[in-house]
Amino acid sequence: MSENLLTLGRQLRADPQAGALVEVIEAIALAGKAVAQRVRRARIDDVIGEAGAVNVQGEAQQKLDVLADRLLLECLRACPAVAVYASEERDGAIVLRTRAAGAEYCVLADPLDGSSNIDVAVSVGTIFSVQRHARPDTEIESSAVQAGHQQVAAGYVLYGSSVVLVLSLGRGVAMYVLDPLLGDFVLVKDGIRVPSASKIYSINEAYANDFEPGLKAYLDWAHGSGYGARYIGSMVADVHRTLLKGGVFLYPGTVKAPEGKLRLLYEGSPMAFVIEQAGGTASTGRGPLLDVVPEKLHQRTPVVLGSAGEVAHVLRHLGGR
Ligand code: FDP
């Protein structure tokens, strides 16, 4: 029986620096609980498979992508501190309220990352990023397009063998697990640090023929240096393992897709924020990922993140930083 009663809400409300962010994170956590239930029941409720529409990226939306996006929107709509919601599943940002109405934050999310894995019961997750609504209300939609280092909070909810919420408010990284008895996220680890080195690389190596020469050279070097490979194919699960066990996660550009597949604002930036807050490194292969100034909402980016020592090995081969 659980004795851990330090819930996410109680911990946040005791934080004098958290302010109105508390209600934003609580809204995201509530959506996470609702999505977790839907993911668990997906086969039973017959919500597996494609929704019949494609998103703005031209990718087939899964029924659960659409459901998760709606649940997140509804939770944020009821949160007075949120001005804007932008999602991988929607063409444009949704203005919920203005700063004049007291709303200070923009929330960006990949509502259900790794969703092509749902029908085989592999871990999926919700990735989120919170930024300040920094522009005048007349430019409210573009307010969500900010460099990663300007995030005020980021994290993810992982729907795996347990439901895990990882959160950074810019002062380290904490991990919470949904206690099914309490129906609440309880703190299980604070001040998480990514191991500085770990001989694991995580990449879809099937695309290797299309990788740039430096990356092929890194993989050759890793093959000869005692490395192991781990690739779930669900970013949120691969990054979570990297956070806890170390190693390097890569989704690079290829000849066909020079900017890779992952979205900067919904996947790259929030995961980079978490990893760097835990003492790791995040790069595009050309420079720090958190320094990239986005030009548009749905921009893609190559991603190299994880243990500082492991990312350094990759960058040494790529000639980047
Ligand atoms: P998915 O398409 O299943 O949503 O962001 C998309 C993503 O999954 C990531 O979660 C995952 O890391 C990546 O795509 C897997 O792509 P590949 O199949 O090309 O390796």
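Counting starts at 1 for both ligands and their atoms, in listed order.
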message = Below the 3.5 angstrom mark, is there an N/O of G114, backbone or side chain, next to an N/O of ligand 1?
response = yes
query = What atoms of ligand 1 come within less than 4.0 Å of a heavy atom belonging to L262?
reply = 5 (O)
key: I28 vs L30 side-chain heavy atoms within contact, under 4.5 Å   = no
message = Could you check whether any side-chain heavy atom of L305 comes within less than 4.5 Å of a side-chain heavy atom of M271, counting everything from C-beta outward?
response = yes
key: Numbering as shown, the atoms of ligand 1 that approach R263 to under 4.0 Å (heavy-atom distance)   = 5 (O)
Per-atom contacts of ligand 1 with S115, taking only distances under 4.0 Å to non-hydrogen atoms = 3 (O), 4 (O)
Within-4.5 Å side-chain heavy-atom neighbours: Y159 and T126 = yes
ask   = Which atoms of ligand 1 are found less than 4.0 Å from any heavy atom of D113?
value = 5 (O), 6 (C), 9 (C), 10 (O)
ask   = For K216, does the NZ atom have more than 12 heavy-atom neighbours from other residues, nucleotides or ligands under 6.0 Å away?
value = yes
query = Are the side chains of Y176 and V186 in touch, meaning some heavy atoms are under 4.5 Å apart?
reply = no
query = How does S116 reach ligand 1, if at all, at less than 4.0 Å between non-hydrogen atoms: by side chain, backbone, both, or neither?
reply = both
Identity and separation of the nearest protein heavy atom to atom 7 (C) of ligand 1 = K261 NZ, 3.8 Å
ask   = Given side chains that start at C-beta, do those of V82 and V130 come closer than 4.5 Å, heavy atoms only?
value = no
message = If I apply the N/O under 3.5 Å rule, does D110 come out as touching ligand 1?
response = no
request  = Provide, to 0.1 Å, the distance between atom 11 (C) of ligand 1 and the closest protein heavy atom, together with that atom's residue and name.
outcome  = G233 O, 3.4 Å
inquiry  = Counting non-hydrogen protein atoms only, what is the nearest one to atom 12 (O) of ligand 1? Give residue, atom name and distance.
reply    = M235 N, 3.2 Å
message = Can you confirm, on distance only, whether ligand 1 has an N/O atom lying under 3.5 Å from any N/O atom belonging to Y231?
response = yes
Parallel, tilted or perpendicular: ring planes of W221 versus H313, cut at 30 and 60 degrees = tilted
query = Can you tell if the side chain of V107 reaches within under 4.5 Å of the side chain of V84, non-hydrogen atoms only?
reply = no
inquiry  = Looking at R97, I'd like to know if its CZ atom is crowded, meaning that more than 12 non-hydrogen atoms belonging to other residues, nucleotides or ligands lie closer than 6.0 Å.
reply    = yes
key: Heavy atom of the protein closest to atom 5 (O) of ligand 1 (residue, atom name, distance)   = E267 OE2, 2.5 Å
query = For ligand 1, which atoms, with element, lie under 4.0 Å from some heavy atom of N204?
reply = 17 (P), 18 (O), 19 (O), 20 (O)
query = Quick one: nearest non-hydrogen protein atom to atom 17 (P) of ligand 1, plus distance?
reply = Y207 OH, 3.5 Å
message = So if I count the atoms of ligand 1 from 1 in the order they appear, which ones are less than 4.0 Å from some heavy atom of Y251?
response = 16 (O), 17 (P), 19 (O), 20 (O)
request  = Report yes if the side chains of V163 and V157 come closer than 4.5 Å at any heavy-atom pair, otherwise no.
outcome  = yes
query = Are E88 and ligand 1 in contact, using a heavy-atom cut-off of under 4.0 Å?
reply = no
task = Record the part of D238 in heavy-atom contact with ligand 1 below 4.0 Å; permitted values are side chain, backbone, both and neither.
result = neither
task = Flag V236 as yes when one of its N or O atoms lies below 3.5 Å from any N or O atom of ligand 1, and as no otherwise.
result = no
ask   = Between D184 and K33, is there a side-chain N and carboxylate O pair less than 4.0 Å apart?
value = yes
